[in-house]
Trainee: 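Sharing a structure here in structure tokens format.
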There are 2 protein chains.
Amino acid sequence: MKQVRSSEWTGAFKQHRLRLTKPRQLIVDVLGATSDHLSAEEVYLRVHPKYARIGLTTVYRTLDVLVRMGIVSRLDFGDARSRYELVERSGKPSHHHHLVCSSCKRVVEYDDFMDEEVKLIKKLEKALSRKHGFGITGHVVQFLGLCPACKTLARA
Amino acid sequence: MKQVRSSEWTGAFKQHRLRLTKPRQLIVDVLGATSDHLSAEEVYLRVHPKYARIGLTTVYRTLDVLVRMGIVSRLDFGDARSRYELVERSGKPSHHHHLVCSSCKRVVEYDDFMDEEVKLIKKLEKALSRKHGFGITGHVVQFLGLCPACKTLARA
DNA sequence: ATGTTATTGATAATGGATATCAATAACATC
DNA sequence: GATGTTATTGATATCCATTATCAATAACAT
């Protein structure tokens, strides 16, 4: 399952014989219009004004499909709900990772030393794939800590 | 909050004025006796035969305390429940990461290229800390994929 | 031995996510 | 453009991991 550019998602849908429905279009639109990491409910709330009969169930299902197709990434920042972002979105570094405040869950995207990181990840993927026979499809790299605001509060 | 060796956990408890109770001892024992990544319920089930009046609530609370003290790591393998492992356990590489099958959730621990990885992580921690003012306390590195068995099934 | 208070555990409640299933709407075909 | 097939939707009920509540209990300092 290889990555699909969000700009080509309609084509990918057709190839998989998936129908191009209004809810699906609006959900991709919402994800493309923000740099936030939205939860399913937040996606629902942003689609609702434009399409009031959207159902939360549909949002969950659609996000699942998009993740499985490699158009969307599912993220976990430890706040008990999954969050989603387009894999490819204009104005965002194509490859990035996340720095998360474990207290307030604020998220910073970073791409420092990404060349070096990608090189190491590729090397590891190859080694692990050979050693354990896994077909590797993705990775998670994340730093956890306290943001400046929460650090100050912790001292109080 | 710095890491605490599991062998010294009783001392760490005393320093924090936390009481050394039977449930807490048994929970640490269970984690020390396995290389599995247990869920809260699995910990509960393994303590129960030795101490039938253990409550699931206590297990959740204790695991939380242990995580906050740096004695235990909370892991997320995408199967909708947190899993736990001792940070330091005899017979396990002290620093390692996980390769997870996204289908059956099987987990392989690896420590390949760990020197290189640790060096990069340290460098990133320093850079991110300076750039964004975070006090960095931890990181997640994880590879996702399909294990040999699930790969075969997927082809069927 | 005793008092203080951290800890426990039964119970109920929360909340994100999923299963069910009849109604609807894409879209291939004519 | 009309029509039939079938993927998709969404209201509803449900699941299940985790957390809140609070009276009873047990660590441990004195």
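Atoms considered below: every heavy atom in the structure, side chains included; atoms not considered: hydrogens, waters and symmetry mates. Naming convention: chains lettered A, B, ... in sequence-line order (proteins, then strands); numbering from 1 in each chain.
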Trainee: When you compare the side chains of B:E42 and B:H37, does any donor N or O come within less than 3.5 Å of an acceptor on the partner?
Mentor: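 There is no such pair (donor and acceptor under 3.5 Å, judged by atom type) between the side chains of B:E42 and B:H37.
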Trainee: Of the listed nucleotides (C:dA17, D:dA17, C:dG9), which one gets closest to any side-chain atom of B:R81?
Mentor: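 Given the options C:dA17, D:dA17, C:dG9, the side chain of B:R81 is closest to D:dA17.
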Trainee: Which dot-bracket string describes DNA chain D (Watson-Crick N1-N3 plus N6-O4 or O6-N4, or G-U N1-O2 and O6-N3, all under 3.5 Å; [ ] crossing; | other strand)?
Mentor: ||||||||||||||||||||||||||||||
Trainee: Atom OH of B:Y60 to atom P of C:dT7: distance rounded to whole Å?
Mentor: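 In whole Å, C:dT7 P lies 20 Å from B:Y60 OH.
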Trainee: Taking the six-membered ring for Trp, are B:H132 and B:F134 parallel (under 30°), tilted (30 to 60°) or perpendicular (over 60°)?
Mentor: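 The rings of B:H132 and B:F134 stand perpendicular, inter-plane angle above 60°.
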Trainee: Are OP1 or OP2 of D:dT9 and a side-chain N or O of A:R24 less than 4.0 angstrom apart?
Mentor: yes
Trainee: Among the nucleotides D:dT12, C:dG9, C:dG16, which one has an atom lying closest to any side-chain atom of A:T57?
Mentor: D:dT12
Trainee: Does A:S82 make a side-chain N or O approach to OP1 or OP2 of C:dA17 shorter than 4.0 Å?
Mentor: yes
Trainee: Is the phosphate of C:dG16 approached by A:R83 (side-chain N or O, under 4.0 Å from OP1 or OP2)?
Mentor: no
Trainee: Using a cut-off of less than 4.0 Å, is there contact between a side-chain N or O of B:T21 and OP1 or OP2 of C:dT7?
Mentor: no
Trainee: Mark yes or no for a side-chain to base donor-acceptor pair under 3.5 Å between B:R19 and C:dT5, with no hydrogen or angle criteria applied.
Mentor: yes
Trainee: From C-beta outward on B:P23, which listed nucleotide comes closest to its side chain: D:dT19, C:dT7, C:dT8?
Mentor: C:dT8
